[in-house]
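Structure first, commentary second.
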Amino acid sequence: KIQFQNIHYLPKFGGGPVTYMTSAGQELSHRGHDVSIVCRQAEPHLPVSERLPWGATVLRHSDPQIRGGQWVIEPLLMGRHLRRVVPQLMNGTDVVIARNPLYAFATATARPEVPMIYVMPSLASREVATNAFGSGVKARAYRRLKVWQYHALERIAVRRARWVVT
């Protein structure tokens, strides 16, 4: 059983990682593998579990409750939340392909016995993820803090991953 993990998946989001997971997942499914995709529930009307026409199961989870000023440490809160949620969605998983540093961290720390392939995000997607604060002094400080959090979680994931694809 092969599981892809990414922050987004269809129908709400597309793009490179989603195209990759769909193409690779379809090929693996056609070869007889049981494929699942874990992602966040981007919209409340999306089903928590859904079977795709090509055979994969999409498992969506809720986001953590982030209050007030906690958004400043959102990557750390999300990593901690995923560390609790992801293992429950990995029943019988033989291999994980993580496409996001937060999921890679969660899998590496909560289920280290499961082999993980961490496919690191591109530089462009890293910029988008950490560049939402504007250009002032305060904004640059928040951006540095967010980048530091992602890097801290990613370092743990890289150290514990069986394979890393850059």
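For the single chain, residues carry numbers from 1 onward in sequence order. A quick note: this is a predicted structure, and the numbers were derived from the prediction, not measured.
For the atom pair CD1 of Ile73 and CG of Leu145, the computed distance is 8.5 Å after rounding to the nearest 0.5 Å. One finds the SG atom of Cys39 at 8.0 Å from the CG atom of Leu59 (value rounded to the nearest 0.5 Å). The structure places CE of Met78 at 12.5 Å from CZ of Phe105, a figure rounded to the nearest 0.5 Å. Between the OG1 atom in Thr57 and the CZ atom in Arg51 there is a gap of 4.0 Å [rounded to 0.5 Å].
His81 contributes a side-chain N or O that, together with a main-chain N or O of Ser62, makes up a donor-acceptor pair within less than 3.5 Å. Side chain of Gln3 to backbone of Leu89: a donor-acceptor contact under 3.5 angstrom is found.
Counting only heavy atoms from C-beta outward, the side chains of Thr22 and Leu10 approach each other to under 4.5 Å. A 4.5 Å side-chain heavy-atom check between Pro121 and Glu154 finds at least one atom pair inside the cut-off. Taking 4.5 Å as the limit, some side-chain heavy atom of Met21 sits within range of a side-chain heavy atom of Tyr9. Within the 4.5 Å cutoff, the side chain of Asp34 has no heavy atoms near those of the Ile2 side chain.
Listed by first and then second residue, the ring-ring contact (aromatic ring centres under 6.0 Å, His included) pairs involving residues 32-55 amount to none (not counting sequence neighbours). Applying the salt bridge (Lys or Arg N to Asp or Glu O under 4.0 Å) test to residues at least two apart or on different chains, the pairs with a partner in residues 102-117 are Arg111-Glu113. Applying the salt bridge (Lys or Arg N to Asp or Glu O under 4.0 Å) definition to pairs two or more places apart or across chains, those involving residues 19-32 are Glu27-Arg31.
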- side-chain contact (heavy atoms from CB on, under 4.5 Å) between Ile117 and Arg162, intermediate numbers included: CA-CA 6 Å; Ile117 302 167; Arg162 184 81 48 96; over 6 Å; no
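For Arg83, the side chain to side chain donor-acceptor pair (under 3.5 Å) partners two or more places apart in sequence, or in a different chain, are Thr109. A search for side chain to side chain contact (heavy atoms under 4.5 Å, CB included) contacts involving Val137 returns Arg140, not counting sequence neighbours. Taking the side chain to side chain donor-acceptor pair (under 3.5 Å) definition, one finds that Asp63 meets it with Arg40, sequence neighbours left out. For Tyr103, the ring pair (Phe, Tyr, Trp, His ring centres under 6.0 Å) criterion is met by His61, not counting sequence neighbours. With sequence neighbours excluded, no residue forms a side chain to side chain donor-acceptor pair (under 3.5 Å) with Arg159. Partners of Glu50 according to the side chain to side chain donor-acceptor pair (under 3.5 Å) rule, which considers only residues two or more places apart in sequence or in another chain, are Arg60. The side chain to side chain contact (heavy atoms under 4.5 Å, CB included) check on Ser23 picks up Thr19, with sequence neighbours excluded. Taking the side chain to side chain contact (heavy atoms under 4.5 Å, CB included) definition, one finds that Ala108 meets it with Met116, Arg160, sequence neighbours left out.
Taken together through direct or relayed side-chain contacts under 4.5 Å among Ile, Leu, Val, Met, Phe, Trp and Tyr, Val48 and Phe4 form parts of separate hydrophobic clusters.
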Side chains of residues 90-102: which donor-acceptor pairs under 3.5 Å do they make with residues two or more places apart or in other chains?
| residue | atom | partner | partner atom | Å |
| --- | --- | --- | --- | --- |
| Thr93 | OG1 | Met90 | O | 3.0 |
| Asp94 | OD2 | Lys1 | N | 2.5 |
| Asn100 | OD1 | Leu102 | N | 2.7 |

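Nearest heavy atoms, Leu82 versus Pro87: O-CD, 3.8 Å.
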